[in-house]
**Q** 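Just dropping this structure here.
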Amino acid sequence: MAEKPERRESLKGRLVRGLGATALSPIVSAVIQLGSVPLLLHAWGAAKYGDWLLLFAIPSYLTLSDLGLGDASGSDMSMRVAEGDREAALETFQSSWVLATAVSFSILLLVLGCVWSIPWQGWLKLSSISAREAAEVVSVLAAYVVLSQQNGIAESGYRADGHFASGAFWMTVLRLAEVVVATVVALVNGSLLAVASGYLVMRVVGTIGYTLLLGHLSPWIRYGVRHARRSTIRQLAGPAFGFMAFPLGYALSLQGFTIAVGAVLGPVAVVSFSTLRTMSRMSLQLSVVIKHALWPELSRAFGAGDLSLARRMHRYACQASLAISVSGGLFLWVFGPYIYRIWIRQQVGFDTTCCHILLLVVVANSLWDTSSVIPMSINGHCRLAVMYSCVTILSLGLAWALMPWFGIAGAAVAVLVSDGWMAGTVLRTSLTLVGDSPKRFVASLVHVPSFLRTLQAVSG
């Protein structure tokens, strides 16, 4: 059945707004890094700033993970809303909120009970604050994490009711506001505890505003326990675990290989491999923007039973990601050595072979990571998430065996094997879910439409 004109227009508008709001996040991240880092280094010095990074490392990850429940709830709610079943969507929302609240506050109580007995200075080698001060900072940051995980549940409501762009935009604004306030506090006060408190206060204000805005945009989405169901909570637990397993795999890939290279080849090789990998992955941010902007629309398409729309969106998303990764790779293949020497100032030699292999890794990664949004949009990603973590662990063993013979290029080969395997596995799964054939899918990749033509084709 053909879509009504008003629905096509609505889809196009949501996609444009979603892409714009999602694209704002990496820009803000860059502004934060370029602006706050030198100011904090100036205010604190390298040692104290290093202490802050160590204490803030785990909370900064957990604020993004929301225990996986926000993503699981968002996909399920979007499908329910597309089916016209708001009552079931509200049941999912309240069930995920109950589970997230119970788990996060239990963790907070555990942290507050244990934080005072941990030898922070010995464990983290803190140089500018005492163990008691470190415990106070961690306690405040733990409360900050609990509030942040509440935002993840609220975001699922924005996503489900067609307001993904608004939710993503205001969360990005909140991130920026937190950093601005924290940086000002650091410059004026200088205390790590004061800065952590600044983050917490801004998150309290932001969470209240974020919740009130959701209630204004979607009055039918209400907090409470009346519609929560144990069966729904059990149903959400598996997908939530899967959404946490993907970041675990990413951490194993990024940090695991850094540790492996250092253990086998030494610290200089770590710098060379890490900087080359960072440079090669520059284009991946754009692929992530496409993935997250399409995610709620794919859930809606599956919920409405519109496989044709889901298939078209999948093709165009993969086309766009492939075009970005290939064009970015070709640029760095030619100009990468010059950019690297300017960036690193010739303190570390440029390994051409490793760089070229890592550029191929980016192409494979962009394909499977973008395609993974298909199973993620229907909470069918758990097997793939666990597989990614397992494959990454095996690839670390392969890197360990290859590096004595091929240096950091051996590590790059191991990463390529891992991402190549995932590309084949994820694409097969996604093509099955959208009812596409490998032959037609591959043929569709050779003509990458422009951005506006992509939107027009997806919308109609």
**Q** Could you give the distance from OG1 (Thr101) to CD (Gln149), rounded to the nearest 0.5 Å?
**A** 9.5 Å
**Q** Against Leu200, only a single residue in Val145, Leu147, Leu141 fulfils side-chain contact (heavy atoms from CB on, under 4.5 Å); can you say which?
**A** Leu147
**Q** Will you find, in the side chains of Glu91 and Thr232, an N or O donor that is under 3.5 Å from an N or O acceptor?
**A** yes
**Q** Taking the side chain as C-beta and beyond, is there a heavy-atom pair between Leu309 and Glu297 under 4.5 Å?
**A** no
**Q** Give a yes or no on whether the ring-centroid distance for Trp295 and Phe164 is below 6.0 angstrom.
**A** no
**Q** Atom CG of Leu358 and atom CE of Met279: how far apart are they, to the nearest 0.5 Å?
**A** 9.0 Å
**Q** Taking ring-ring contact (aromatic ring centres under 6.0 Å, His included) as the definition, give me every residue that meets it alongside Trp333, ordered by chain and number, with sequence neighbours left out.
**A** His356
**Q** Show the nearest heavy-atom pair for residues Leu359 and Gly329, with the distance to one decimal.
**A** CD1-O, 3.5 Å
**Q** What pair of heavy atoms forms the shortest contact from Ala310 to Ile374, and how long is it?
**A** O-CD1, 4.4 Å
**Q** Indicate yes or no: at least one non-hydrogen side-chain atom of His163 is less than 4.5 angstrom from one of Leu213.
**A** no
**Q** Nearest 0.5 angstrom please: Ser106 OG to Leu110 CG, how far?
**A** 9.0 Å
**Q** Of the non-hydrogen atoms in Ala317 and Leu294, which two are nearest, and what is the gap between them?
**A** CB-CD1, 3.3 Å
**Q** Testing Ser287, Ser321, Ser371, Ser325 for side chain to side chain donor-acceptor pair (under 3.5 Å) with Ser366, which one passes?
**A** Ser325
**Q** Counting only N and O atoms by type, is there a donor-acceptor contact under 3.5 Å from the side chain of Ser218 to the main-chain atoms of Ile221?
**A** no
**Q** Evaluate the criterion side-chain contact (heavy atoms from CB on, under 4.5 Å) for residue pair Ser372 and Lys291; output intermediate values, then yes/no.
**A** CA-CA 9 Å; Ser372 69; Lys291 169 184 171 181; 3.8 Å; yes
**Q** Please report the closest heavy-atom contact between Val261 and Ala411, naming both atoms and the distance.
**A** CG2-CB, 4.0 Å
**Q** Under the criterion ring pair (Phe, Tyr, Trp, His ring centres under 6.0 Å), I'd like the reasoning laid out for Tyr158 against Trp170: C-alpha separation, chi angles, the key distance, then a yes or no.
**A** CA-CA 11 Å; Tyr158 282 93; Trp170 286 112; 9.8 Å; no
**Q** In terms of side-chain heavy atoms, does Ser78 have a donor or acceptor partner in Ser299 at a distance below 3.5 Å?
**A** no
**Q** Decide side-chain contact (heavy atoms from CB on, under 4.5 Å) for Cys318 and Leu367; before the verdict, give the C-alpha distance in whole Å, the side-chain angles of both, and the deciding distance to 0.1 Å.
**A** CA-CA 6 Å; Cys318 290; Leu367 272 177; 4.3 Å; yes
**Q** Is the closest side-chain heavy-atom distance between Trp44 and Leu192 below 4.5 Å?
**A** yes
**Q** If we ignore angles and hydrogens, is there a donor and acceptor under 3.5 Å between the side chains of Gln150 and Tyr223?
**A** no
**Q** Are side-chain heavy atoms of Val181 and Tyr199 found at a separation under 4.5 Å?
**A** no
**Q** Give the C-alpha distance, both sets of side-chain angles, the deciding distance and a yes or no for side-chain contact (heavy atoms from CB on, under 4.5 Å) between Glu178 and Tyr144.
**A** CA-CA 11 Å; Glu178 287 176 345; Tyr144 169 77; 2.8 Å; yes
**Q** Using a 3.5 Å distance criterion without hydrogens, assess whether the side chain of Ser156 forms a donor-acceptor pair with backbone atoms of Ile153.
**A** yes
**Q** Can you check whether Leu427 reaches Trp368 side chain to side chain, under 4.5 Å on heavy atoms?
**A** no
**Q** Evaluate the side-chain proximity of Met313 to Val373: yes if any heavy-atom separation is below 4.5 Å, no if none is.
**A** no
**Q** Check the surroundings of atom CZ in Arg229: do more than 12 heavy atoms from other residues, nucleotides or ligands lie under 6.0 Å from it?
**A** yes
**Q** Would Arg311 and Ser308 satisfy side-chain contact (heavy atoms from CB on, under 4.5 Å), going step by step from the backbone distance to the final call?
**A** CA-CA 5 Å; Arg311 183 164 54 247; Ser308 175; 4.0 Å; yes
**Q** Measure the NE2-CZ distance between His292 and Arg159 for me, rounded to the nearest 0.5 Å.
**A** 8.5 Å
**Q** Can you check whether Leu217 reaches Asp161 side chain to side chain, under 4.5 Å on heavy atoms?
**A** no
**Q** Using 0.5 Å steps for rounding, measure from the CG atom of Leu360 to the CG atom of Asn365.
**A** 12.5 Å
**Q** Going by ring-ring contact (aromatic ring centres under 6.0 Å, His included), name the residues that satisfy it together with Trp421, two or more places apart in sequence or in a different chain.
**A** none
**Q** Mind checking the OG1-CG spacing from Thr392 to Leu398? Nearest 0.5 Å is all I need.
**A** 12.0 Å
**Q** Taking Ser95 for its side chain and Thr92 for its backbone only, find out whether a donor-acceptor pair lies under 3.5 Å.
**A** no
**Q** Asp436 pairs by side chain to side chain donor-acceptor pair (under 3.5 Å) with which of Arg312, His314, Arg315?
**A** Arg315
**Q** Quick check: closest heavy atoms across Leu214 and Ala154, and the distance to 0.1 Å?
**A** CD2-O, 3.7 Å
**Q** Without swapping roles, check the side chain of Ser418 against the backbone of Ala414 for a donor-acceptor pair under 3.5 Å.
**A** no
**Q** Is there a donor-acceptor pair closer than 3.5 Å between any side-chain N or O of Glu155 and the backbone N or O of Gly167?
**A** no
**Q** Restricting to non-hydrogen atoms, name the atom on Cys355 and the atom on Leu276 that form the minimum distance, rounded to 0.1 Å.
**A** CB-CD2, 4.1 Å
**Q** Is the shortest heavy-atom distance from the side chain of Pro375 to the side chain of Ser430 under 4.5 Å?
**A** yes
